[in-house]
Amino acid sequence: AEGAQAYLPGRGGLPALREAVEGCRGCPLYRDATQAVFGAGPAGARLLLAGEQPGDVEDRRGSPFVGPAGRVLDDALEAAGIAREEAYLTNVVKHFKFRRDERGTRRIHRTPSRTEVVACRPWLDAEIREVDPEVVVFLGATAAKAVLGPQFRVTRERGNLLTLPEDAAGGAGRSALATVHPSSVLRSDDEQRRAAFDALVEDLRVVAR
Ligand code: URA
Ligand code: SF4
C-alpha cells in the first residue's frame, strides 16, 4: 500500500476527514479492525492529544479513548486542570492492530509497525492542520516517534516543552510535549500505579493554562 495520502479529501474540514477515513486502505490494518477511529473534540481546541491506536473498546465503539486507558486519561486531565473542551483526542494510527489470544476470544493489542505509522501519518497531519492547536501532546513512545522521529526517547524528554521539527505534521514551530501513554499507568504494579499516575499529571500540567 502507498499510505493514506490518496484517501484524504481535499476539502471539507474535520467532518470530511472523519467520513473519508473509513474508506482508507493505506495499510493492511483496515482488514481486521471493526472500523476506523478518527479523532474527537472541537476544531480550535487548544490541545491536541495523540495516542497510539484505538484499543479493543475504541474499535467497537468508534471513538478514541473511551476504554480503560481513556478513563485514566480523563482522570489525569482533570487532575492537571485541563477541561475536556480544551482537548482534541486522537491516535497516530486509526485502525486497531491486534492478535487473538490462544483460545481465540480476547483481542490483544499489538504495537503498530513503523511502516503502518508512516502510512497513517497524513490523517494526523490533516487533523493538526484543521484543529490548529497551540500544543500537540504525544501519549507514549509510538505517538512521539511518529512525529519526532524514531530516535526520540519519551523517558528522556517527557514533560519538556518541545518544538515540532520542520517536516512535522501541521507545520514547524508548533509547541509539543511528550509523556507516557495512560495504559502504562494501568500496566504498572500496585505500589507504583499512584506514582505513575502522578507523573503523568505532572507532565500534563506543563501544558495546562
Ligand atoms: N489507547 C490509545 O492509544 N488510544 C485509544 O484511543 C485508546 C487506547
Ligand atoms: Fe489507513 Fe491508517 Fe487505517 Fe492504515 S491504519 S488503513 S493508513 S487509516
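Basis for what follows: all heavy atoms, side chains included, without hydrogens, waters or symmetry-related copies. Order of listing sets the numbers, starting from 1, for every ligand and every atom in it.
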*Asks:* Which residue and atom name correspond to the protein heavy atom nearest atom 1 (Fe) of ligand 2, and how close is it?
*Replies:*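 The closest one turns out to be Cys24 SG, 2.3 Å.
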
*Asks:* Show the nearest heavy-atom pair for residues Gly67 and Glu58, with the distance to one decimal.
*Replies:*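 Between these two residues, the closest heavy atoms are N-OE2, 2.9 Å.
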
*Asks:* May I ask you to list the atoms of ligand 2 that are less than 4.0 angstrom from any heavy atom of Lys94?
*Replies:*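 Counting from 1, the qualifying ligand atoms are 8 (S).
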
*Asks:* At what distance, to the nearest 0.5 angstrom, does CG of Asn160 lie from CG of Asp203?
*Replies:*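 The CG atom of Asp203 is 8.5 Å from CG of Asn160, to the nearest 0.5 Å.
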
*Asks:* Rounded to the nearest 0.5 Å, what separates atom CG in Leu200 from atom NE2 in His181?
*Replies:*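 Those atoms lie 10.0 Å apart.
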
*Asks:* Can you report which non-hydrogen protein atom sits closest to atom 4 (N) of ligand 1, along with the distance?
*Replies:*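 Here the closest protein heavy atom is Asn91 OD1, 2.6 Å.
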
*Asks:* For a distance under 2.8 Å, tell me if Cys27 has an N/O/S atom near atom 4 (Fe) of ligand 2.
*Replies:*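 Cys27 does place an N, O or S atom closer than 2.8 Å to atom 4 (Fe) of ligand 2.
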
*Asks:* How many angstroms lie between atom CZ of Phe138 and atom CG of Leu177, to the nearest 0.5 angstrom?
*Replies:*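 Between atom CZ of Phe138 and atom CG of Leu177 there are 9.5 Å.
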
*Asks:* Which atoms of ligand 1 sit under 4.0 Å from any heavy atom of Gly51?
*Replies:*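 Selected atoms, number and element: 3 (O).
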
*Asks:* For atom 2 (Fe) of ligand 2, what is the closest protein heavy atom, and at what distance to 0.1 Å?
*Replies:*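 Here the closest protein heavy atom is Cys120 SG, 2.3 Å.
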
*Asks:* For the atom pair CG (Leu77) and CG (Leu89), what is the distance rounded to the nearest 0.5 Å?
*Replies:*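 Reported to 0.5 Å precision, the distance equals 7.0 Å.
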
*Asks:* For the residue pair Pro42 and Tyr88, what are the closest heavy atoms and their distance?
*Replies:*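 Looking at all heavy atoms of both residues, the closest pair is O-CD1, 4.1 Å.
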
*Asks:* In the protein, which heavy atom is nearest to atom 3 (Fe) of ligand 2, and how far is it?
*Replies:*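 Going atom by atom, the protein heavy atom closest to atom 3 (Fe) of ligand 2 ends up being His95 ND1, 2.1 Å.
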
*Asks:* Flag Pro54 as yes when one of its N or O atoms lies below 3.5 Å from any N or O atom of ligand 1, and as no otherwise.
*Replies:*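 No, Pro54 has no N/O under 3.5 Å of an N/O on ligand 1.
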
*Asks:* Would His95 and Glu116 count as having a side-chain donor-acceptor pair, cut-off 3.5 Å?
*Replies:*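 Judged by distance alone, the side chains do not pair up.
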
*Asks:* For ligand 2, indicate whether the residue Trp123 contacts it via side chain, backbone, both or neither (heavy-atom separation under 4.0 Å).
*Replies:*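 Looking at Trp123 and ligand 2, just side chain atoms fall under 4.0 Å.
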
*Asks:* What protein heavy atom sits nearest atom 3 (O) of ligand 1, and how far off is it?
*Replies:*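 Going atom by atom, the protein heavy atom closest to atom 3 (O) of ligand 1 ends up being His181 NE2, 2.6 Å.
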
*Asks:* Working to the nearest 0.5 angstrom, can you tell me the gap between Arg60 CZ and Arg107 CZ?
*Replies:*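 So the gap between those two atoms works out to 6.0 Å.
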
*Asks:* Out of Arg61, Gln53, Lys94, His109, who gets a non-hydrogen atom closest to atom 5 (C) of ligand 1?
*Replies:*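 Ranked by closest heavy atom to atom 5 (C) of ligand 1, first place is Gln53.
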
*Asks:* Which of the atoms in ligand 1, numbered in the order shown and given with their element, are less than 4.0 Å from a heavy-atom of Pro64?
*Replies:*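 What qualifies from ligand 1 is 6 (O).
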
